[in-house]
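Just so we're clear, the structure is a prediction, and the values are computed from it rather than from any experiment. Order of the sequence lines sets the chain letters (A, B, ...), proteins ahead of strands, with each chain counted from 1.
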Amino acid sequence: MTEAFGKGHHLHLIDGSAFIFRAYHALPPLTRKSDGLPIGAVAGFCNMLWKYIQGGKPSDQPTHLAVIFDHSSKTFRNDIYPLYKANRPPAPEDLRPQFPLTREATRAHNIACIETEGYEADDIIAALSCKARDAGGRVTIVSSDKDLMQLVGGGVGMLDPIKNKDIGPDEVREKFGVGPDRVVDVQALAGDSVDNVPGAPGIGIKTAAQLIDEYGDLETLLERAVEIKQPKRRQTLIDNADLIRISKQLVQLDCDTPLDFTLESLELRDPDPEALLDFLTRMEFRTLTQRVADRFGAEAPVIVEAATVATASAKVELPPIDRSLYTIIRDETVLAEWLAEITQKGIVAIDTETTGLDEMQADLVGVSLCTGPGRAAYIPLGHVGEGAAGDLFGGPTLAEGQMPLERALALLKPVLADEAVLKIGQNIKYDCKILARLGLKMGPIEDTMLMSYALNAGEHNHGMDELSETYLGHKCVPIKDLIGSGKSQIGFAQVPVERAGEYAAEDAEVTWRLWHHFRPLLSREHVATAYEVLERPMVPVLAEMEMAGIRIDADHLRRMSSAFAQKMAALEEEIHGLAGGPFNVGSPKQLGEILFERMGLSGGKQGKTGAFSTSADVLEDLAAEGHDLPARVLDWRGISKLKSTYTDALPTHVNADTGRVHTSYSITGAQTGRLASTDPNLQNIPVRTDEGRRIREAFVAGPGMKIISLDYSQIELRILAHVASIPALKQAFRDGIDIHAMTASQMFGVPVDGMDPMIRRRAKAINFGVIYGISGFGLARNLRIPRAEAQAFIDTYFERFPEIRAYMDRTVAEAKQDGFVRTLFGRRIKTPGINQSGPAAGGARRAAINAPIQGAAADIIRRAMIRMPDAIRDLPAKMLLQVHDELVFEVEEGAVDDLIRIARDVMENAAEPAIKLDVPLIVDAGVGANWAEAH
DNA sequence: CCCGTCACG
DNA sequence: GACGTACGTGACGGGA
């Protein structure tokens with residue numbers, strides 16, 4: 001018989017989220033030894049819970065106890081103010097699967113575990129505090145969250161669990177300058193940048209407290225705002241009265257949050273040793289298990305690890321890969337068993353097989369899963385009958401022994417979306433997109449390709465077959481063995497199920513093994529942060545952009561193609577006339593022979609293949625000497641390039657279902673952290689010539705929409721100014737003056753006003769050259785000036801800006817010593833060729849100088865992109881493209897200004913809080929009906 | 001399949 | 001003093 005809660009009782013309410021985040025940040029990224037499941041925050045959480053229920057002052061011992069969690073990010077406050085908590089970054093990927101485990105941990109300790117849909121933990125804590133106080137009992141809120149301080153008083157106190165310090169009315173007054181009953185008024189005025197509570201601009205806690213103190217309460221203050229003496233403050237309060245009232249609603253905690261349990265049900269209970277030990281053993285917490293066992297006088301259960309992670313210190317060889325162990329999953333019962341095992345383990349390697357490489361078109365053929373060495377399976381779903389050319393009506397018949405696609409997807413769906421199950425893939429963006437098109441969301445995710453990239457960019461590529469050979473010593477079955485190559489190539493759906501299963505399940509197992517290989521290396525080699533912050537979060541962002549695609553005016557391109565074809569035909573005729581006979585103008589070989597043998601022109605340079613060079617450089621020189629043929633060939637080439645690569649090719653990339661063009665971004669394609677765009681490449685659409693720029697007119701916004709382009713101004717030079725710490729350059733960027741003119745002025749001692757454009761052009765070339773690891777030869781060629789002159793410019797440049805030489809020397813020395821360089825944000829790029837001798841060393845040296853600069857710029861735009869979806873989620877806008885220093889959006893006409901404001905803000909502040917740059921980042925914006933207008 | 005060429009940042 | 005050379009990409013057509 002439980003006694004009614006009342007006088008003499010003491011309810012403790014633990015703020016669960018605070019415990020979790022505290023535990024997560026206080027501990028290194030521990031993983032469960034048997035399978036690598038991230039578990040650090042759970043360990044810390046259990047430790048804190050245990051200490052809490054064991055320790056404490058006897059007089060303050062709880063009689064009733066509950067841990068309260070936030071249920072989800074969306075609450076009723078978002079209906080009042082959509083931007084509430086909009087700035088919150090999503091929880092780290094390796095923390096997300098731990099959230100459900102902390103709930104389990106709470107229940108394992110036999111403590112009430114409370115969360116309510118649509119409410120924050122704070123709301124439940126408030127309602128419970130009111131109820132307990134009204135019943136005559138005492139309450140202690142275990143949290144240091146200032147939002148809860150309004151609840152203090154009348155038998156309700158707070159305890160800061162980190163400092164182990166009581167928070168009473170005096171402490172609240174110290175923090176807010178007012179008593180607990182006026183805390184919300186002060187918060188409403190001051191706002192909160194962390195939760196994105198707007199408040200009144202320019203008013204902080206100090207001013208707010210002073211105003212509330214003077215006028216008594218918020219409503220009185222707002223009503224009598226006209227009486228305020230300071231004109232600016234008076235106007236702010238009058239202008240923002242509504243926003244302030246909304247802010248108050250956001251911070252106000254009410255007593256009437258619905259509770260579907262009684263205070264009595266929170267009565268402190270002893271843990272059930274068996275349940276608690278079972279949980280701790282499953283998590284493989286040795287110390288905690290022992291401690292709890294000791295406390296209960298029980299024998300600590302032996303922790304058996306199913307598998308052992310291979311580490312450098314204790315490398316345990318896994319058995320070799322054995323394809324005969326794999327299972328083909330043909331019915332729902334077997335699939336359900338596998339999914340149960342996956343849910344229990346909390347981790348799975350996954351791979352999808354499809355009919356093609358274009359993930360916007362390919363159909364799913366099968367899914368493979370792996371939960372451990374030798375424990376892999378393949379679910380065939382779309383294989384066609386063996387030898388069957390099709391049924392009587394021409395449609396392909398499905399092979400026997402496959403479960404219906406819809407059933408398999410329905411069973412997979414909750415597991416793929418389960419926050420507590422980590423999904424590991426190799427290039428998992430591909431699988432995410434295939435599954436997303438079938439209505440399946442996948443998360444949280446890990447990607448072995450990205451792990452390899454974080455560890456070894458610059459060292460080698462990151463395809464699975466290569467990684468498997470290098471790190472597992474295992475040669476994968478080449479896909480060509482199954483589908484052939486060239487003309488006789490077949491689709492994966494035509495591969496017999498048994499054969500496909502071996503191949504597909506092997507891929508999943510290799511992925512699983514690679515994950516176990518790479519995961520401990522990330523923190524050991526100090527690239528875990530780069531992986532977590534710069535690589536992994538890109539997956540959902542890019543998947544969304546790629547699936548959005550961009551609208552193309554194919555007719556516009558086709559018209560251009562026809563016009564180009566006519567021009568080319570005319571030029572061809574003219575060229576043949578000049579050459580004295582027909583030849584293939586597109587053949588450098590034939591052209592070289594005509595120019596340098598038949599016509600006997602000078603300047604013929606033969607490369608290593610023995611062929612004459614006919615590059616634009618060479619032809620331009622010849623044209624400048626007055627020869628017509630090379631000039632016409634240059635014209636022809638320009639048009640030919642535009643036609644074949646753009647106006648002809650782009651319309652073929654329009655997706656039949658969406659009517660848009662969907663590029664694919666490679667996250668690991670470039671060594672520096674830049675993205676690479678393929679199929680089609682939308683990062684090299686012409687812009688430098690008027691004719692080329694017309695191709696951008698074909699990239700159009702939908703009806704009622706606009707294209708917006710936002711690009712960083714001079715980002716690499718700004719980064720150079722920061723990393724090399726060049727005072728003159730930094731000051732120029734702070735003052736917003738023309739950077740190339742400034743450089744020229746410093747170098748040649750001429751004033752910026754009325755500067756010869758030629759002088760500025762030279763300075764600009766040097767500024768860019770520096771970023772690339774300048775050489776006299778390269779600059780001479782770029783500027784078409786004698787090499788000695790170019791060298792003299794460079795010498796002057798280094799004299800004027802000695803910090804640049806120091807930076808270059810420093811970077812090369814670092815690369816030689818460590819074998820890698822790092823960007824400001826911790827991205828690591830290996831420099832394998834740096835210690836070579838001979839000509840190859842020059843290239844490696846320049847690459848090492850360039851990588852931290854190009855890489856930091858890439859890091860910054862990645863950071864912006866990762867924050868962008870959340871920042872613009874309430875706008876009718878989509879992020880479509882990235883072109884290294886530019887982001888392209890499509891937005892409804894009415895929201896253009898909002899988008900520019902918000903996206904620019906995200907981009908300009910993207911370096912923070914990781915790095916506070918010494919120079920400002922500036923973003924230029926353009927709007928139009930198409931990309932040409934917007935750029 | 002490699003090479004030369006050329007589009008972009 | 002000679003090597004070779006601006007940094008990072010992807011797509012196309014020609015030709016073996």
Peer 1: Which value, in whole Å, describes the distance between the C1' atoms of nucleotides B:dA7 and C:dA2?
Peer 2: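 Straight-line distance between the two C1' atoms is 34 Å.
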Peer 1: Before accepting this row, confirm whether a basic side-chain N of the pair A:E546/A:K429 lies closer than 4.0 Å to the acidic partner's carboxylate O.
Peer 2: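 Yes, A:E546 and A:K429 are salt-bridged.
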Peer 1: Once you round it to whole Å, what is the distance between P of C:dG14 and CD of A:Q590?
Peer 2: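 So the CD-P distance, A:Q590 to C:dG14, works out to 9 Å.
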Peer 1: Does any part of the side chain of A:L682, heavy atoms only, come nearer than 4.5 Å to the side chain of A:V883, both counted from C-beta?
Peer 2: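 In short, these two side chains do not touch, never coming nearer than 4.5 Å.
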Peer 1: OP1 or OP2 of C:dA11 versus the side-chain N and O atoms of A:N684: is any pair under 4.0 Å?
Peer 2: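 For A:N684, the contact criterion (side-chain N or O under 4.0 Å from OP1 or OP2 of C:dA11) is not met.
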Peer 1: Between atom CZ in A:R787 and atom P in C:dA6, what is the gap in whole Å?
Peer 2: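 Rounded to the whole Å, the gap is 12 Å.
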Peer 1: Represent DNA chain C in dot-bracket notation, 5' to 3'. Only Watson-Crick or G-U wobble pairs with both distances under 3.5 Å count; pseudoknot-style crossings use [ ] and interstrand partners use |.
Peer 2: ......|||||||||.
Peer 1: Salt bridge check: are A:D621 and A:R784 linked by an N-O gap of less than 4.0 Å?
Peer 2: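 Salt bridge present between A:D621 and A:R784.
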Peer 1: Determine the sole option in A:R536, A:H462, A:M538 for which the side chain to side chain contact (heavy atoms under 4.5 Å, CB included) test with A:I667 is passed.
Peer 2: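 Checked A:R536, A:H462, A:M538 against A:I667; only one passes side chain to side chain contact (heavy atoms under 4.5 Å, CB included): A:M538.
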Peer 1: Inspect the contact between A:K730 and A:E803 and indicate whether a charged nitrogen and a carboxylate oxygen are less than 4.0 angstrom apart.
Peer 2: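 A:K730 and A:E803: not salt-bridged.
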Peer 1: Please state whether the phosphate of C:dA16, meaning OP1 or OP2, lies under 4.0 angstrom from any side-chain nitrogen or oxygen of A:K589.
Peer 2: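 Yes, within the criterion.
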Peer 1: Looking at C:dC7, I'd like to know if its phosphate oxygens (OP1 or OP2) sit under 4.0 Å from a side-chain N or O belonging to A:R846.
Peer 2: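 It does, given that an N or O in the side chain of A:R846 lies less than 4.0 Å from OP1 or OP2 of C:dC7.
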Peer 1: Would you check, one step at a time, whether the test side chain to side chain donor-acceptor pair (under 3.5 Å) holds for A:T614 with A:R637?
Peer 2: CA-CA 11 Å; A:T614 65; A:R637 276 194 187 161; 2.7 Å; yes
Peer 1: Could you tell me how the ring of A:H740 sits relative to the ring of A:F768: parallel (under 30°), tilted (30 to 60°) or perpendicular (over 60°)?
Peer 2: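 The arrangement is tilted - the two ring planes meet at 30° to 60°.
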Peer 1: If you walk 5' to 3' along DNA chain B, what is the first nucleotide with an atom under 4.0 Å of a heavy atom in chain A, and what is the last?
Peer 2: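 The contact span of chain A on DNA chain B goes from B:dC3 to B:dG9.
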Peer 1: Looking at every strand, decide which applies to A:N584 at a 4.0 Å heavy-atom threshold: base, sugar-phosphate, or nothing.
Peer 2: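 Sugar-phosphate contact only.
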Peer 1: Under 4.0 Å between a side-chain N/O of A:S587 and OP1 or OP2 of C:dG15, yes or no?
Peer 2: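 So the side chain of A:S587 is within the cut-off, an N or O lying under 4.0 Å from OP1 or OP2 of C:dG15.
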Peer 1: Would you check, one step at a time, whether the test side-chain contact (heavy atoms from CB on, under 4.5 Å) holds for A:I860 with A:F825?
Peer 2: CA-CA 8 Å; A:I860 287 174; A:F825 300 89; 3.5 Å; yes
Peer 1: Which part of the nucleic acid, if any, lies within reach of A:R637 when heavy atoms closer than 4.0 Å are counted: base, sugar-phosphate only, or nothing?
Peer 2: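 The answer is sugar-phosphate, as A:R637 gets under 4.0 Å only of primed atoms, P, OP1 or OP2.
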Peer 1: If I take atom CG in residue A:L779 and atom P in nucleotide C:dG4, what distance separates them, rounded to the nearest angstrom?
Peer 2: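 Whole-Å distance recorded here is 21 Å.
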Peer 1: In this structure, how many angstroms lie between the P atom of C:dA6 and the CD1 atom of A:I785, rounded?
Peer 2: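 Rounded to whole Å, this separation is 16 Å.
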Peer 1: Suppose you measure atom P in B:dC6 against the same atom in C:dG4; what distance do you get, rounded to whole Å?
Peer 2: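 My reading of the P atoms in B:dC6 and C:dG4 gives 23 Å.
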Peer 1: Rounded to whole Å, please give me the gap between CG in A:N850 and C1' in C:dT5.
Peer 2: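 Taking CG of A:N850 and C1' of C:dT5, I get 14 Å after rounding.
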Peer 1: Classify the nucleic acid contact of A:G586 as base, sugar-phosphate or nothing, counting any heavy atom under 4.0 Å across all strands shown.
Peer 2: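 Sugar-phosphate only.
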Peer 1: Could you please spell out the steps behind the salt bridge (charged side-chain N to carboxylate O under 4.0 Å, His left out) verdict for A:K589 and A:E593?
Peer 2: CA-CA 6 Å; A:K589 185 169 175 274; A:E593 282 160 12; 3.8 Å; yes
Peer 1: Does a salt bridge link A:E716 with A:R674, judged by any charged N lying under 4.0 Å from a carboxylate O?
Peer 2: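 Here A:E716 pairs with A:R674 in a salt bridge, since their nearest N and O are under 4.0 Å apart.
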Peer 1: When all nucleic acid strands are considered with a 4.0 Å heavy-atom cut-off, which category describes A:T614: base, sugar-phosphate, or nothing?
Peer 2: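 If one applies the 4.0 Å heavy-atom cut-off, A:T614 turns out to touch the sugar-phosphate alone, with no base involved.
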Peer 1: Using the C1' atom as the point on both nucleotides, what is the distance between B:dC8 and C:dC3, in whole Å?
Peer 2: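 The same atom, C1', in both gives a distance of 31 Å.
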Peer 1: Looking at every strand, decide which applies to A:A616 at a 4.0 Å heavy-atom threshold: base, sugar-phosphate, or nothing.
Peer 2: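 The answer is sugar-phosphate, as A:A616 gets under 4.0 Å only of primed atoms, P, OP1 or OP2.
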Peer 1: Tell me whether A:R862 is salt-bridged to A:D859, with the criterion being a basic N under 4.0 Å from an acidic carboxylate O.
Peer 2: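 No, A:R862 and A:D859 are not salt-bridged.
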Peer 1: What contact category does A:T645 fall into here, base, sugar-phosphate, or nothing, at under 4.0 angstrom with non-hydrogen atoms?
Peer 2: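 The residue A:T645 makes sugar-phosphate contact but no base contact.
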Peer 1: With a 4.0 Å cut-off on heavy atoms, is A:S640 in touch with a base, just the backbone sugar-phosphate, or nothing at all?
Peer 2: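 The residue A:S640 makes no contact with any strand.
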Peer 1: How many Å lie between CE on A:M808 and C1' on C:dA6, as a whole number?
Peer 2: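 Answer to the nearest Å: 10 Å.
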Peer 1: I'd like to know if the side chain of A:S713 reaches the main chain of A:I922, judged simply by a donor and an acceptor atom lying under 3.5 Å from each other, with no hydrogens or angles considered.
Peer 2: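 It does not hold such a pair.
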Peer 1: Toward the 5' end of DNA chain C, which comes first, A:R674 or A:T678, by nearest nucleotide?
Peer 2: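 Upstream on the strand: A:R674.
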Peer 1: For A:I771, report the nucleic acid contact type (base, sugar-phosphate, nothing); a contact means any heavy atom under 4.0 Å.
Peer 2: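 No contact.
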Peer 1: Kindly say whether A:A932 contributes a backbone atom to a donor-acceptor pair with the side chain of A:R693 at under 3.5 angstrom?
Peer 2: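 Not a single qualifying donor-acceptor pair exists.
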Peer 1: Just to be sure I understand the geometry, which residues of residues 450-462 of chain A put a non-hydrogen atom under 4.0 Å away from DNA chain B?
Peer 2: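 Within this stretch, nothing sits under 4.0 Å of the strand.
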Peer 1: Rounding to an integer number of Å, can you tell me how far A:Q671 CD sits from C:dG8 P?
Peer 2: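 It works out to 6 Å between those atoms.
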Peer 1: Classify the ring geometry between A:F699 and A:W931 as parallel (under 30°), tilted (30 to 60°) or perpendicular (over 60°).
Peer 2: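 Perpendicular.
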Peer 1: By the 4.0 Å heavy-atom rule, please label A:A765 as base, sugar-phosphate, or nothing.
Peer 2: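 A:A765: base contact, heavy atoms under 4.0 Å.
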Peer 1: With a 4.0 Å cut-off on heavy atoms, is A:A649 in touch with a base, just the backbone sugar-phosphate, or nothing at all?
Peer 2: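 The residue A:A649 makes sugar-phosphate contact but no base contact.
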Peer 1: Mind checking if A:D885 touches a base, just sugar-phosphate, or nothing, with heavy atoms under 4.0 Å?
Peer 2: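 Sugar-phosphate only.
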Peer 1: Roughly how many Å is it from OH in A:Y797 to C1' in C:dA6, rounded to a whole number?
Peer 2: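 Atom-to-atom, A:Y797 to C:dA6, this comes out as 14 Å.
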Peer 1: Counting only side-chain heavy atoms from C-beta out, which of C:dA6, C:dT5, C:dA11 sits nearest to A:F777?
Peer 2: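 Of all the options, the side chain of A:F777 is nearest to C:dT5.
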